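Heads up: the structure comes next, in structure tokens.
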Protein chains: 2
Amino acid sequence: MIKNDYIPPVYIQIRDILIDKINSGEFKKGNQLPSEREISETYKISRMTARSALTQLVEMGYAYRVKGKGTFARLPKINRDFVNLCGFSQMLKSKGIKPGNKVVKLGILEANKKIASLLETTIGTKVYEIVRIRYGNNIPLALEFSYLPVRLFNDLFRYDFEKNSLYKVIEEKYEYKLKYAKQWIRITTLNSSESRILKVKENTPAFLLESITYDMDDRVVEATRSLNIGERTTFYTELWPNSEK
Amino acid sequence: MIKNDYIPPVYIQIRDILIDKINSGEFKKGNQLPSEREISETYKISRMTARSALTQLVEMGYAYRVKGKGTFARLPKINRDFVNLCGFSQMLKSKGIKPGNKVVKLGILEANKKIASLLETTIGTKVYEIVRIRYGNNIPLALEFSYLPVRLFNDLFRYDFEKNSLYKVIEEKYEYKLKYAKQWIRITTLNSSESRILKVKENTPAFLLESITYDMDDRVVEATRSLNIGERTTFYTELWPNSEK
DNA sequence: AGCTTTAAATGGTATATACAACTATACCAT
DNA sequence: ATGGTATAGTTGTATATACCATTTAAAGCT
């Protein structure tokens, strides 16, 4: 169907080789990775391409550079105790809270300006909309809007998102490997319909989470907008210095 | 004193020119920026250097790329990057925002239950209190309370924290190497005195940030409580899949 | 032994070039 | 009207080369 003979760019291939070696322990935390020139010789590629691969590692948190010394392995950024890439349910479960899910709307719509800009596509593009209420121990926590380009997901609605995690479907059924997500967090207040759905009073302060999820080819596969009731939400995160040591 | 003859690399200069044009509204959100080739011709630089400048914009959230179409402006709000420990001022600087600082209170007090538990010490321990207003481009952004154990910092108040970064003093003058910080984020509303200090109206929604900073020996060197005006703050973070599992 | 100088290795910046992949448009043939 | 083709413009990938700045270690000198 669509590119079943797809070969990733060289710098991505080298990146993945190095990631494997870090994950397998061949390069341990703090170990020096092969230099740019060294990599270019081993794989018979140009130094700039080797550098691109290393840049990828740095961006993904697998390495850091020190001028004049070298590039060093690091285990990727720790603790996204934030709503993380494994999804909402799994995060709550890890805290011993019973997750819940109710789909309140499913549909296909044409991207307006806002959604188009989040999905980095053009206005009018067809997108799936999934609206869910998120529960923790049966208490409403958040109202979540998910948007996915129709062209990437054929017949998405055959899956039941009260039973299946959206991320699982994306990764296992459609085989998009998710790389990372960008997330912005703001404060807002709930309007009348939002507060009615979540059964709290109008103008309740809430976190507004907007996130964009990218796959390994840096395509936007999903955009979400989530309203988390302020008084029922605490985010926890750990901050580390940029270059570790 | 600090390298007044420093000339930034070309791609940084071009980056800053473009950021200025985005901030000034010459390029509005969604507008197409000059193409890589166009930039390289205007400034008489190579295309790859122009590309580096645009890559910087993308990484800083000022732009996004669409293959085959072009690079488009996007207007980041004041973002707080989670993934660093470098402190408030440096964070704003890296986004091209002029940081500001006003100390509104300096003192030594005895830890109450709350502060004692944050600093992992006993009630009654002597602690420095530093209260500061944080500005970005001269607009009040946050009210920040810092607490440090007196026993770790001899004569701390000889330093001027409107001129010196607290983290710099801790690391350079007292030579504590900072390892990491834990941070909790909640929503609150400003009470009358807080809102008066920040010059906003009472009950304005705000982020409540509480953090604890550890040094290399896992001693708590600082605890902070920060009230960030909700409508002037956006947190930005990147989420990566957990390496475990 | 202790110091300075030199050289090698590393990442950082910059140029020039080429082709691939994708988008939008114009134009033409059916 | 529909579909194909050509073309120009864009970002994406890749090569080859050059020089700079920083770090480290070896070499040389006093």
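Values below: all heavy atoms of this structure, side chains included; hydrogens, waters and symmetry mates excluded. In what follows, every chain begins at residue 1, and chains take the letters A, B, ... in the order their sequences are listed. Remember, it's a predicted structure, so these values are computed and weren't measured experimentally.
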*Are OP1 or OP2 of C:dT15 and a side-chain N or O of B:T49 less than 4.0 angstrom apart?*
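Result: yes.
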*Can you check whether A:T71 has a side-chain N or O nearer than 4.0 Å to OP1 or OP2 of C:dG11?*
yes
Nearest-Å distance for atom pair [atom1]/[atom2], residues [X] and [N]:
{"X": "B:M48", "N": "C:dT17", "atom1": "CE", "atom2": "P", "answer": "14 Å"}
{"X": "A:Q13", "N": "D:dA14", "atom1": "CD", "atom2": "C1'", "answer": "13 Å"}
{"X": "B:R47", "N": "D:dG12", "atom1": "CZ", "atom2": "C1'", "answer": "7 Å"}
{"X": "A:I14", "N": "D:dT13", "atom1": "CD1", "atom2": "C1'", "answer": "13 Å"}
{"X": "B:R51", "N": "D:dA14", "atom1": "CZ", "atom2": "P", "answer": "11 Å"}
{"X": "A:Y43", "N": "D:dT15", "atom1": "OH", "atom2": "P", "answer": "14 Å"}
{"X": "B:F72", "N": "D:dT10", "atom1": "CZ", "atom2": "P", "answer": "11 Å"}
{"X": "B:Y11", "N": "D:dC20", "atom1": "OH", "atom2": "P", "answer": "18 Å"}

*Answer yes when A:E129 and A:K105 have at least one side-chain N-carboxylate O distance shorter than 4.0 Å, and no when they do not.*
yes
*Can a salt bridge be assigned to the pair B:K182 and B:E210 using a cut-off of 4.0 Å between side-chain N and carboxylate O?*
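Here B:K182 does not pair with B:E210 in a salt bridge, since their nearest N and O are not under 4.0 Å apart.
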_Nucleotide nearest A:I45 (side chain, heavy atoms from C-beta), chosen from D:dT15, C:dT13, C:dT15_ = D:dT15
*Nearest 0.5 Å, what's the CD1-CZ distance between A:I14 and A:R51?*
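Interatomic distance, A:I14 CD1 to A:R51 CZ, rounded to 0.5 Å: 16.0 Å.
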*Among residues 31-41 of chain A, which contact DNA chain C at a heavy-atom distance under 4.0 Å?*
A:S35, A:E36, A:R37, A:E38
*In which stems does DNA chain C show up, taking only runs of three or more Watson-Crick or G-U wobble pairs whose two distances fall under 3.5 Å?*
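C:1-30 with D:1-30 - these are the stems of 3 or more pairs that involve DNA chain C.
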*So, for B:F207 and B:F235, is the gap between ring centers shorter than 6.0 Å?*
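Yes, the ring centres sit under 6.0 Å apart.
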*asked:* Less than 6.0 angstrom separating the ring centers of A:F153 and A:Y128, yes or no?
replied: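 That pair fails the under 6.0 Å test.
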*asked:* Over all strands shown, is B:S52 touching base, sugar-phosphate only, or nothing at heavy-atom distances under 4.0 angstrom?
replied: nothing
*Counting any heavy atom closer than 4.0 Å, what does A:L54 reach on the DNA or RNA strands: base, sugar-phosphate only, or nothing?*
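Since no nucleic acid heavy atom lies under 4.0 Å of A:L54, the category is nothing.
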Does a side chain donor of either [X] or [Y] reach within less than 3.5 Å of an acceptor in the other side chain?
{"X": "A:Y167", "Y": "A:E222", "result": "yes"}
{"X": "A:T49", "Y": "A:S52", "result": "no"}
{"X": "B:R65", "Y": "B:T71", "result": "no"}

Under 3.5 Å between N/O atoms: give me all the protein pairs with nucleotides 4-8 of chain C, atom names plus distance.
none

*Measure across A:L152 and A:V220 and return the closest heavy-atom pair with its distance rounded to 0.1 Å.*
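Distance-wise, the nearest heavy atoms are CD1-O, 3.7 Å.
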_Could you report the tightest heavy-atom contact between A:T224 and A:S146, atom names first, then the distance?_
CG2-OG, 3.9 Å
_Under the side-chain contact (heavy atoms from CB on, under 4.5 Å) test, residues paired with B:K21 that sit two or more places apart_ = B:I17, B:E26, B:F27, B:Y43
*Mind checking side-chain contact (heavy atoms from CB on, under 4.5 Å) for B:N31 and listing every partner two or more places apart, or none if nothing turns up?*
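B:K28.
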*Does any non-hydrogen side-chain atom of A:V127 lie less than 4.5 Å from one of A:I108?*
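Answer no - side chains too far apart.
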*Cation-aromatic face contact A:R225/A:F145, 6.0 Å, 45 degrees*: yes
With 3.5 Å as the limit, what N/O pairs link the protein to nucleotides 23-27 of chain C?
residue, atom, partner, partner atom, Å
C:dT23, O4', B:G68, O, 3.4
C:dA24, OP1, B:K69, NZ, 3.2

